[in-house]
Amino acid sequence: MTRYAVIGDPVSHSKSPLIHSLFAEQTGEEIEYEKIRVTEPELAAFVRDFFAAGGGGLNVTLPHKEAVYSMADHASERARLAKAANTLWVDRNQSLQADNTDGAGLVRDLKHNLGVVLQDRSVLILGAGGSARGVLPAIITEKPAAVTVLNRTQSRAQKIQQEYNSVYPLETGLLDISPAAGFDIIINATSSSIAGELPPLQPAIIGPDCSCYDLMYSDQPTPFMLWAGNNGAERVVDGLGMLVEQAAESFLIWRGVRPDTQSVIAALR
Ligand code: NDP
């Protein structure tokens with residue numbers, strides 16, 4: 001049995017162990033997958049020891065995605081653009097490899113599972129943390145008409161804007177802007193839903209026929225999902241589909257097999 005885990009702080013809410021055990025059952029791969037709370041001071045030693053002891057791979061969730069990217073010996077192009085990683089493994093020389101499957105997971109859920117097209121649409125991303133960074137490269141690849149990043153701490157959004165200068169012209173600002181026109185697609189990549197909080201948002205951000213997507217998933221609608229529904233969003237979705245899709249991308253990297261995601265999404269719903 002090869003050992004895998006998701007690490008983060010907090011991590012108790014994670015459904016990743018269940019998802020990966022369903023993937024393993026489906027594909028016949030022999031893996032064990034746990035969730036482990038790892039605090040910031042413990043992070044570097046934990047990752048080193050996990051792989052030194054023969055661990056097969058780690059998924060990384062908040063707040064460590066940017067920190068593990070910096071620790072890696074080699075990162076994929078999409079992880080380099082994001083400067084954040086959610087998937088780690090070591091090659092045969094024990095060199096630490098990092099990739100970011102969040103963007104591929106989100107876009108696959110939007111396009112294939114939900115039929116939401118990003119091309120030529122205006123996209124708003126709320127948050128500028130590891131997950132916002134992770135989903136941006138894949139969103140930009142879909143050729144949206146415009147992408148805006150709003151964050152509680154504006155400097156963090158501006159930093160992303162500067163990093164993307166030569167790649168894509170991002171707009172940035174604080175969360176409570178009143179835009180001239182509403183957006184077509186709004187992605188909540190803040191961690192506010194975990195604390196049961198709602199970012200300070202103006203209803204004017206919701207455009208006609210707007211799809212609102214919370215990266216957070218839970219059995220109950222999140223505060224952002226309730227707010228979006230009450231303020232005229234056409235479609236309101238949680239991040240369960242993305243969670244399963246990004247997990248499938250990680251499983252493919254680690255095991256060389258892409259599991260079927262539809263049956264797993266259905267089982268979790
Ligand atoms: P980070 O800790 O890296 O970043 C958190 C972000 O949320 C920052 O932009 C922070 O703003 C903002 N924020 C935190 N609290 C509030 C608040 N009360 N009001 C407004 N903004 C707030 O976290 P991640 O980016 O890694 O994760 C974000 C969310 O995405 C989590 O809920 C996570 O579970 C979810 N997620 C879901 C995935 C899925 O597959 N469905 C995959 C990845 C993530 P500031 O910069 O000002 O601190």
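Just so it is clear, the structure is predicted and the values come from calculations on it, not from any experiment. As the structure lists them, so they are numbered: ligands from 1, and atoms in each ligand from 1.
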Give the ring-plane orientation class for His20 versus Tyr33, where under 30° counts as parallel, over 60° as perpendicular and anything between as tilted. parallel

What residue and heavy atom of the protein are closest to atom 19 (N) of ligand 1, and at what distance? Ser192 CB, 3.8 Å

Are the charged groups of Glu249 and Arg108 less than 4.0 angstrom apart, N to O? no

So Asp219 and Lys15, salt bridge (Lys or Arg N to Asp or Glu O under 4.0 Å) or not? Walk me through it. CA-CA 11 Å; Asp219 297 340; Lys15 286 188 162 56; 3.7 Å; yes

Regarding ligand 1, does Thr61 bring an N or O atom to under 3.5 Å of one of the ligand's N or O atoms? no

Nearest non-hydrogen contact with atom 11 (O) of ligand 1 belongs to which option: Asn151, Leu126, Thr190? Asn151

Purely on distance, is any nitrogen or oxygen of Glu197 under 3.5 Å from one on ligand 1? yes

Note: ligand 1 atoms sitting under 4.0 Å from heavy atoms of Gln246 are 40 (O)

Got a second to check how far Thr172's OG1 is from Lys159's NZ, nearest 0.5 Å? 13.5 Å

When Asp214, Leu201, Val149 are each screened for side chain to side chain contact (heavy atoms under 4.5 Å, CB included) with Leu126, the one that passes is Leu201

For the pair Arg3 and Glu34, find out whether any cationic side-chain nitrogen is under 4.0 Å from an anionic carboxylate oxygen. yes

Output yes when a side-chain donor or acceptor of Ser191 lies under 3.5 Å from a complementary backbone atom of Ile194, and no otherwise. no

Evaluate Pro199 for polar contact with ligand 1, using N/O atom pairs at a separation under 3.5 Å. no

Can you tell me which portion of Arg133 lies within the under-4.0 Å heavy-atom range of ligand 1? Options are side chain, backbone, both, or neither. neither

Measure the distance from atom 43 (C) of ligand 1 to every protein heavy atom, then report the residue, atom name and distance (to 0.1 Å) of the closest one. Lys65 NZ, 2.9 Å

Close approach of Ala128 to ligand 1, heavy atoms, under 4.0 angstrom: yes

Would a distance-only check, ignoring hydrogens and angles, find a side-chain to backbone donor-acceptor pair under 3.5 Å from Thr27 to Phe23? yes

Hey, which atoms in ligand 1 end up nearer than 4.0 Å to a heavy atom of Thr153? 45 (P), 46 (O), 47 (O)

With atoms numbered from 1 as shown, which atoms in ligand 1 lie under 4.0 angstrom from a non-hydrogen atom of Gly239? 39 (C), 41 (N)

With a 4.0 Å heavy-atom cut-off (strictly under), which part of Leu62 contacts ligand 1: side chain, backbone, both or neither? both

Which ligand 1 atoms does Gly127 reach within 4.0 Å, using its non-hydrogen atoms? 9 (O)

Provide the number and element of each atom of ligand 1 under 4.0 Å from a heavy atom of Gly130. 3 (O), 25 (O)

Any Leu175 heavy atom less than 4.0 Å to ligand 1: yes

Shortest heavy-atom approach to atom 14 (C) of ligand 1 - which of Ser131, Pro63, Ser191: Ser191

For Ala189, take its heavy atoms, then give the atoms of ligand 1 lying under 4.0 Å from any of them. 25 (O), 28 (C)

State, yes or no, whether a side-chain contact exists between Lys143 and Asp120 at a heavy-atom distance under 4.5 Å. no

Distance from His13 atom NE2 to Ser218 atom OG, nearest 0.5 Å? 10.0 Å

Option nearest atom 41 (N) of ligand 1 (shortest heavy-atom distance, choices Leu215, Thr222, Ile187): Leu215

Can you tell me how the ring of Phe224 sits relative to the ring of Trp227, calling it parallel under 30°, perpendicular over 60° and tilted otherwise? parallel

Atom 4 (O) of ligand 1 has as its nearest protein heavy atom Gly129 CA, 3.4 Å

Heavy-atom closest contact (Arg258 atom, Ala248 atom, distance): NH1-CB, 3.9 Å

Nearest-contact summary for atom 16 (C) of ligand 1 - protein heavy atom, Å: Arg152 NH1, 3.3 Å

Run down the list Leu150, Leu243, Ile194 and name the one with the heavy atom closest to atom 40 (O) of ligand 1. Leu243

Indicate, with yes or no, if Ile140 and Met242 share a hydrophobic cluster defined by side-chain heavy-atom contacts under 4.5 Å among Ile, Leu, Val, Met, Phe, Trp and Tyr. yes

At less than 4.0 angstrom from any non-hydrogen atom of Arg156, what atoms of ligand 1 do you find? 8 (C), 45 (P), 46 (O), 48 (O)

